[in-house]
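Residue numbers start from 1 in every chain, and the chains themselves are labelled A, B, ... in the order their sequence lines are given, proteins ahead of strands. Since we're looking at a predicted model, the values are computed, not measured.
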Amino acid sequence: MTRILLANIDKPEQASIVKYRERGGYKALEKALAMDQAAVIEEVKASGLRGRGGAGFPTGMKWSFVPRNTGKPTYLLCNADESEPGTFKDRILMERDPHMMIEGMAIASYALNCHLAYIYIRGEYEFVANMVQKALDEAYEAKMLGPSVMGKDFALDIFVHLGQGAYICGEETSLIESLEGDRGYPRIKPPFPATHGFLASPTVVNNVETLCALPWIIQNGAAAYAAIGTEKSKGTKLFSVSGHVSKPGVYEVDLGYPLVDFINNEAGGVPNGRKLKAVIPGGSSVPVMTAAECPGVLLDYESLLKAGSMLGSGGMIVLDETTSMPETLSVIADFYAHESCGQCTPCREGTGWAAKILKNIVAGKGKRSDVDLLLKIADMMEGKTICPLADADVMPIRSFVTKFRSEFEALCGDN
Amino acid sequence: MIEFSEEGKRRYQTILSHYPDKRAALLPVLTLAQREFGWISQEVAEYIGKLMSYPPSDVLSVATFYTMLHKKPAGKHHIDICKNVSCWLMGVYPCIDEIKRQLGVEKREVTADGKFSWDVTECLGSCGTAPAMQVGDRYYENLTPARVAEIIEKLRND
Ligand SMILES: Cc1cc2nc3c(=O)[nH]c(=O)nc-3n(C[C@H](O)[C@H](O)[C@H](O)COP(=O)(O)O)c2cc1C
Ligand code: SF4
Ligand code: FES
């Protein structure tokens, strides 16, 4: 299997610019700077790279929506908010190979004609932010950043911006509000950030992992990247796997790799001789899959969608046969109730009620009619809100309740 | 009247220089304020408001959106322990009980000596090394009740 993002992750001192350059680092930036800005965008388009932050939107296409010559600056925002439960992939990239992200940001900035970029890092990752800052300082020192990037007539500044604890700030318009110094309330779209983003200027928000793929794509060419993966899901993807597996961690696989093989080979299988019960393949907000649904499913956007779930952020949570599904859903529902920003009534009320009802059910105080009530609340929330956080609660609620209904009913007894 | 330390004042100027718009500096400035004063009190909001020319209510309305900014005094060591799915699956609750036993206070309360406070939090991005907790700018992972006791003991003598 190809290793693009984790190729050097275990090599000593990879985080230092000296080692990074020794291993070929910043060559892609040099190559990009010798190309036309438009040609860089075309290359990224042709690679088939899709956003790794969760939505899977084609990166090159997103860039091409950014208007030129508006008289306003264009901003690039690197989304390092990584707060989706089960997701811990961006962290390892920033901790162990931060120059790959910086080089990716420089390539993207050049393509977009952006001269000021920010890395929005969740506040809890302050220690990660310190490592990134150290790498940025090195990059400035080596003239990879600053008034003349690699001696070329191209200026770029990159600053780290720390969040302060709010899951919703990972949503791109909320991130922008937060960066502007306000409460992180998501904005109604349109207008999209491509035209009205940070300070009402053209803005691109890209995930850390997305940006980290750029140096390889520029260095090896779009065709080489597009040769990996499936027809519509190109390249490699990081999966962070946790829960009931022998070897939790972050693994890079070609898109289209079989889910069951991933759990058994990469993640070391379910420990203690227990059986697999369910998998949440892409972070807590995607529909859960039963063990019976897993065989034959491939880890790519289309295959997981066809199987009734989603690839999401690649934050995979594995549940063994001893796991109580109502309790698991209760933990998840609590999270969304806590993180709802409260702007939209269906989300604020719905996430709160769902969490309360589930707590009751888990405590053995629920009624059988509560199980249907959960589904009704899900219907009431879906698609009726400013941002997709409400839907991110709907997907686990609906999938857990319909696929494991008897467990919920058993807790309600004859009530 | 409170004010930033000399180092804090330098930091403040550096933060401002990172943004084309002053307002964008507000969250980093609040973060700095918490580091300097421990929590975001009315007095801190008034100081920041005056410094940046925003009404204190505006400053507080931003601060209250973010869970890492304390709206009441916290201990010198504030522990945030994750209760989300992977940490829960890997046995975080016995660790939470150990924190309670060790500190003898409920969540969001401060110990009598002012050294500790604790709270439960959402996913820290340590799911593969669960259970996990954060104290200041440090993460502690692969927790067990025994390890929690050890860590608290170390911090106590700190
Ligand atoms: C509630 C919510 C939380 C999100 N959290 C993150 C996050 O932590 N990191 C991230 O990169 N994208 C997150 N996203 C997706 C972003 O809105 C955006 O699509 C992404 O950063 C775009 O980058 P990409 O195209 O490179 O994937 C979140 C979306 C929603 C609705
Ligand atoms: S859906 Fe929820 S989180 Fe999103 S804007 Fe509405 S209230 Fe806020
Ligand atoms: S669930 Fe605890 S760190 Fe992710």
Check: Is B:S61 close to A:R183 at the side-chain level, that is, under 4.5 Å between some pair of heavy atoms?
Finding: yes
Next item on the list: Using non-hydrogen atoms and a 4.5 Å limit, figure out which bit of A:T87 sits close to chain B: side chain, backbone, both or neither.
Entry: backbone
Notebook entry, point to check: Checking heavy atoms, do the side chain of B:Y19, its backbone, both or neither come under 4.5 Å from chain A?
Noted result: both
Next item on the list: Check whether A:I168 gets within reach of chain B through its side chain, its backbone, both or neither, counting any heavy atom under 4.5 Å.
Entry: side chain
Checklist line | Proximal component of A:L179, with respect to chain B [non-hydrogen, under 4.5 Å] | finding: both
Next item on the list: Look at A:E339, A:E126, A:R91 and state which one has the largest set of heavy-atom pairs under 4.5 Å with chain B.
Entry: A:R91
Notebook entry, point to check: Does the pair A:E180/B:K22 count as a salt bridge with the N-to-O cut at 4.0 Å?
Noted result: no
Item checked: Part of A:V160 within contact of chain B (heavy atom distance under 4.5 Å) -> backbone
Notebook entry, point to check: With chain B, which of A:D320, A:V331, A:T322, A:V245 has the greatest number of heavy-atom pairs at distances under 4.5 Å?
Noted result: A:V331
Item checked: Under 3.5 Å: donor-acceptor pair, side chain of B:R23, backbone of A:G181 -> yes
Item checked: Heavy-atom contact with chain B under 4.5 Å, split by part of A:Y167 -> neither
Margin query: Using a 4.5 angstrom heavy-atom cutoff, name the option from A:G123, A:G184, A:G249, A:G86 with the most pairs to chain B.
Written below: A:G184
Checklist line | Full working for side-chain contact (heavy atoms from CB on, under 4.5 Å) between B:C123 and A:F88 | finding: CA-CA 10 Å; B:C123 179; A:F88 48 101; over 6 Å; no
Notebook entry, point to check: Of the backbone (N, CA, C, O) and the side chain (C-beta and beyond), which part of A:V318 lies under 4.5 Å from a heavy atom of chain B, both, or neither?
Noted result: backbone
Margin query: Between A:T323 and chain B, with a heavy-atom cut-off of 4.5 Å, which part of the residue counts as in contact: side chain, backbone, both or neither?
Written below: side chain
Margin query: Which atoms of A:S201 are under 4.5 Å from chain B, going by heavy atoms: the side chain, the backbone, both sets, or neither?
Written below: neither
Notebook entry, point to check: For the candidates A:S240, A:G315, A:S242, A:P248, which exhibits the highest count of non-hydrogen atom pairs separated by less than 4.5 Å from chain B?
Noted result: A:S242
Margin query: Is the distance from the ring center of B:H18 to that of A:Y118 below 6.0 Å?
Written below: no
Note to self: Which one wins on heavy-atom pair count under 4.5 Å against chain B: A:R122, A:H338, A:E82?
What the structure shows: A:R122
Item checked: A:Q164 and B:T67: side chain donor to acceptor below 3.5 Å -> no
Check: Would you say B:S17 and A:F159 make side-chain contact, with heavy atoms under 4.5 Å?
Finding: no
Check: Taking A:S178, A:S284, A:G163, A:C169 one by one, which has the highest count of heavy-atom pairs under 4.5 Å against chain B?
Finding: A:S178
